[in-house]
Amino acid sequence: MATFSSSDIDALGARAEAMVKTLGAISAEPDRLVRLFLTPEHRRAADRVGDWMREIGLAVSEDALGTVRGRYRAAGEGEGRGGAQRLLIGSHIDTVIDAGRYDGPFGVIAGLLAVEHFARAKTRLPFGIDVLAFGDEEGSRFPATLASSSACAGIFRSETLQLADRDGVTLTEAITAYGKSPADIPAAAYAPHEAVAYVELHIEQGPVLERGGQPLGIVTSIIGQTYLNAEFIGEAGHAGTVPMLLRRDALAGAAEAMLFGETLARETNGEVVATVGRITVAPGAINVIPARVVVIFDIRSGSEAARARLADSLKSGVRAIADRRQLGLAITSTREVATTPCHPAVQDQLADAVRALGIEPLRLGSGAGHDGQAMARLCPIGMLFVRCRGGISHNPLEYSSPRDLGLAVAALIGFVERFEPATVVSA
């Protein structure tokens, strides 16, 4: 097993930080980081990642949805031995608008640095490794997410091809402009017997590790998610002439409903979170009582039962609010994503690798979505979280220290050394 001195970890962290900065400089805008799926900036970032893969000695390919793959052969592979099982390590290189530099790219970089460790030592493992740089996790360009990883997992939905970005460009058109063919998407899928597990390193995007004084954490599951779209219908009227007791104010009803949702979530003591991040108000004039308001409740939990209970309670309570205020109401569920558990054996082997660095691993759920949600449809998954300052993400202030990055890469190397495919059996 590899042992890492403090200076070794610092060197790994410095390299990771330099690579993060390199990708962070590739943006559509000079003053903020914007790198959307299948854009010229995505092309430049993918080319840079491909160059890094070749420098390590990996065989590089790219599929129809722009996922860059660097392949490290297993022991004996290509020497009379057939296709080996593969450990998949990856993350995404697209960003939100006005992004931070670490969300996504660090997971790709960590995979590259880990494989480089074995390539430099000329060590071949009983399994192969593919490092994956997905192109569409954030959903910042098209109204869908995880297109790239879904293709790798063999679950890409063909109707996604008709979705259009804000400029009216469909995904089909964007793929073609990128130099690929939608007809080749099925070829991106791994065979189920080929992928033994998928592992992703990612900044936490939350404050739990920092508050616990821990640089690394083992993810137990990627929490499930429900979107409830609530449309309140009232009656527009003059803001100065309609008495308060005679109003049917859709926005006031929506505001009460939002506070009710917050109360329900608080009462779960952390088991469920509920957020409203977007509302639309019509007619939207300062001096007109709102007649139509749409709010979207984002409900998340690591417990399917707890999420369902809160959603049911919220719907009942919102209906009661609308009835009391004499408002029309329509509630629809626009998104249902099940909780995605991380495989217990992968969790344990990641924990062993973290413990070998003198760190007692903390286990926590992921409140954000990740490519692992798609890859779990293909094979067992695991995730390692890295502490980020202030828990800030999707923000230019996003930051993880080089020391923590180095520890994460060292833990990934230790995990690969310890990894036993036979212990990972799909449920």
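Keep in mind that what you see is a predicted model, and the values were worked out from it rather than measured.
Counting only heavy atoms from C-beta outward, the side chains of Phe156 and Leu161 approach each other to under 4.5 Å. Contact check for Leu58 versus Leu112: side-chain heavy atoms found under the 4.5 Å cut-off. Looking at Leu113 and Met19, their side chains come closer than 4.5 Å, going by heavy atoms from C-beta outward. Here the side chains of Ile381 and Val346 are not in contact, with every heavy-atom distance at 4.5 Å or above. Between Leu171 and Leu38, some side-chain heavy-atom pair lies under the 4.5 Å cut-off. Using a 4.5 Å cut-off on side-chain heavy atoms (C-beta onward), Ile175 and Leu65 make contact. Here the side chains of Glu137 and Leu146 are in contact, with some heavy-atom distance below 4.5 Å. Between Leu23 and Ile109 the shortest side-chain heavy-atom distance falls below 4.5 Å.
Heavy-atom minimum distance, Phe142 versus Ala164: CD2-C, 3.9 Å. For the residue pair His394 and Glu398, the shortest heavy atom distance occurs at N-OE1, 3.1 Å. The two residues Gly24 and Leu33 make their nearest non-hydrogen contact at O-CD1, 3.6 Å. Closest heavy-atom contact between Phe134 and Cys152: CE2-SG, 3.7 Å. What you find for Ala274 and Gly261 is that their closest heavy atoms are CB-O, 4.1 Å. Residues Ser91 and Asp371 come closest through the heavy atom pair C-OD2, 4.0 Å.
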side-chain hydrogen bond (donor to acceptor under 3.5 Å, both in side chains) between Asp8 and Ser5, worked out: CA-CA 5 Å; Asp8 291 334; Ser5 67; 3.1 Å; yes

Show your working on side-chain hydrogen bond (donor to acceptor under 3.5 Å, both in side chains) between Arg307 and Thr226 and close with a plain yes or no. CA-CA 8 Å; Arg307 180 163 52 92; Thr226 296; 2.7 Å; yes

Go through the steps for Arg403 and Ser6 under the test side-chain hydrogen bond (donor to acceptor under 3.5 Å, both in side chains), then give the verdict. CA-CA 9 Å; Arg403 179 72 182 185; Ser6 181; 2.9 Å; yes

Check the pair Arg43, Glu62 against salt bridge (charged side-chain N to carboxylate O under 4.0 Å, His left out), reporting the backbone distance first and the verdict last. CA-CA 11 Å; Arg43 176 74 273 154; Glu62 186 175 290; 2.7 Å; yes

Between Val34 and Leu36, is the side chain to side chain contact (heavy atoms under 4.5 Å, CB included) condition met? List the steps. CA-CA 6 Å; Val34 180; Leu36 306 185; 4.0 Å; yes

Go through Leu87 and Phe415 one step at a time and tell me if the side chain to side chain contact (heavy atoms under 4.5 Å, CB included) criterion holds. CA-CA 11 Å; Leu87 173 64; Phe415 166 79; 4.1 Å; yes

side-chain hydrogen bond (donor to acceptor under 3.5 Å, both in side chains), that's the test. Do Thr172 and Thr170 meet it? Break it down for me. CA-CA 5 Å; Thr172 291; Thr170 67; 4.7 Å; no

Kindly determine whether Ile279 and Leu251 satisfy side chain to side chain contact (heavy atoms under 4.5 Å, CB included), including the steps that lead there. CA-CA 9 Å; Ile279 65 173; Leu251 182 55; 4.2 Å; yes

Please report the C-alpha distance between Arg292 and Glu231 in whole Å, then the side-chain angles of each, then the deciding distance to 0.1 Å, and finally whether the salt bridge (charged side-chain N to carboxylate O under 4.0 Å, His left out) criterion is met. CA-CA 7 Å; Arg292 177 180 176 273; Glu231 180 179 8; 2.6 Å; yes

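Looking at Arg71 and Glu194, a side-chain N of the basic residue comes within less than 4.0 Å of a carboxylate O on the acidic one, giving a salt bridge. One finds no salt bridge joining Arg418 and Asp352 here, because no Lys/Arg side-chain nitrogen approaches an Asp/Glu carboxylate oxygen to under 4.0 Å. Between Asp51 and Arg54 there is a salt bridge, since a side-chain N of the basic residue sits under 4.0 Å from a carboxylate O of the acidic one. We find that Asp348 and Arg363 are joined by a salt bridge, their nearest charged nitrogen and carboxylate oxygen being less than 4.0 Å apart.
No donor-acceptor pair under 3.5 Å is formed between the side chain of Arg377 and the backbone N or O of Gln373. Put simply, the side chain of Gln347 gets close to the backbone of Cys342: a donor and an acceptor are under 3.5 Å apart. Of the possible donor and acceptor atoms, one in the side chain of Asn395 sits under 3.5 Å from a partner among the backbone N and O of Leu397. A distance-only check finds no donor-acceptor pair linking the side chain of Glu77 to the backbone of Gly128 [under 3.5 Å]. Thr332 places no side-chain N or O within donor-acceptor distance of the main-chain N or O of Thr334, the cut-off being under 3.5 Å. For the pair Gln205 (side chain) and Asp103 (backbone), a donor-acceptor distance under 3.5 Å is absent. For the pair Glu204 (side chain) and Leu209 (backbone), a donor-acceptor distance under 3.5 Å is present. With hydrogens and angles disregarded, no donor-acceptor distance shorter than 3.5 Å links the side chain of Ser221 to the backbone of Ile223. In terms of modelled atom types and a separation under 3.5 Å, the side chain of Arg335 and the main chain of Gln225 share no donor-acceptor contact. The backbone N or O of Met375 lies less than 3.5 Å from no partner atom in the side chain of Ser149, so there is not a single donor-acceptor pair.
The line from CD1 of Ile9 to CG of Asp404 is 10.5 Å long, rounded to the nearest 0.5 Å. Atoms CG and CG, from Leu407 and Leu412 in turn, are 12.5 Å apart once rounded to the nearest 0.5 Å. Distance check: Leu362 CG to Thr220 OG1 gives 10.0 Å after rounding to the nearest 0.5 Å. With values rounded to the nearest 0.5 angstrom, Asp167 atom CG is found 11.0 Å from Glu173 atom CD. Annotation: the span from Ile56 atom CD1 to Glu116 atom CD amounts to 5.0 Å, rounded to 0.5 Å. To the nearest 0.5 Å, atom CZ of residue Arg389 and atom CD1 of residue Ile203 are 11.5 Å apart.
Side-chain rings of Phe419 and Phe127 approach one another, their centers coming within less than 6.0 Å.
A donor and an acceptor atom, one from each side chain of Glu336 and Ser333, are located under 3.5 Å apart. In the model, Ser301 has no side-chain atom that pairs as donor or acceptor with a side-chain atom of Ser303 under 3.5 Å.
Using the six-membered ring where Trp is involved, His117 and Phe4 have ring planes that are tilted, between 30° and 60° apart. Ring-plane geometry between His202 and His370 is classed as perpendicular, the angle between the planes exceeding 60 degrees on a 0 to 90 degree scale with a lower cut at 30. A tilted orientation is assigned to the rings of Phe37 and His42, their planes being inclined by 30° to 60°.
Applying the 6.0 Å contact sphere to CZ of Arg355 captures more than 12 heavy atoms from other residues, nucleotides or ligands. Enclosure of atom CZ in Arg48 by more than 12 non-hydrogen atoms of other residues, nucleotides or ligands within 6.0 angstrom is indicated. Atom CZ of Arg32 is surrounded by more than 12 heavy atoms from other residues, nucleotides or ligands within 6.0 Å.
Relative to the ring axis of Phe106, Arg101 does not place its NZ or CZ within 45° and under 6.0 Å from the centre.
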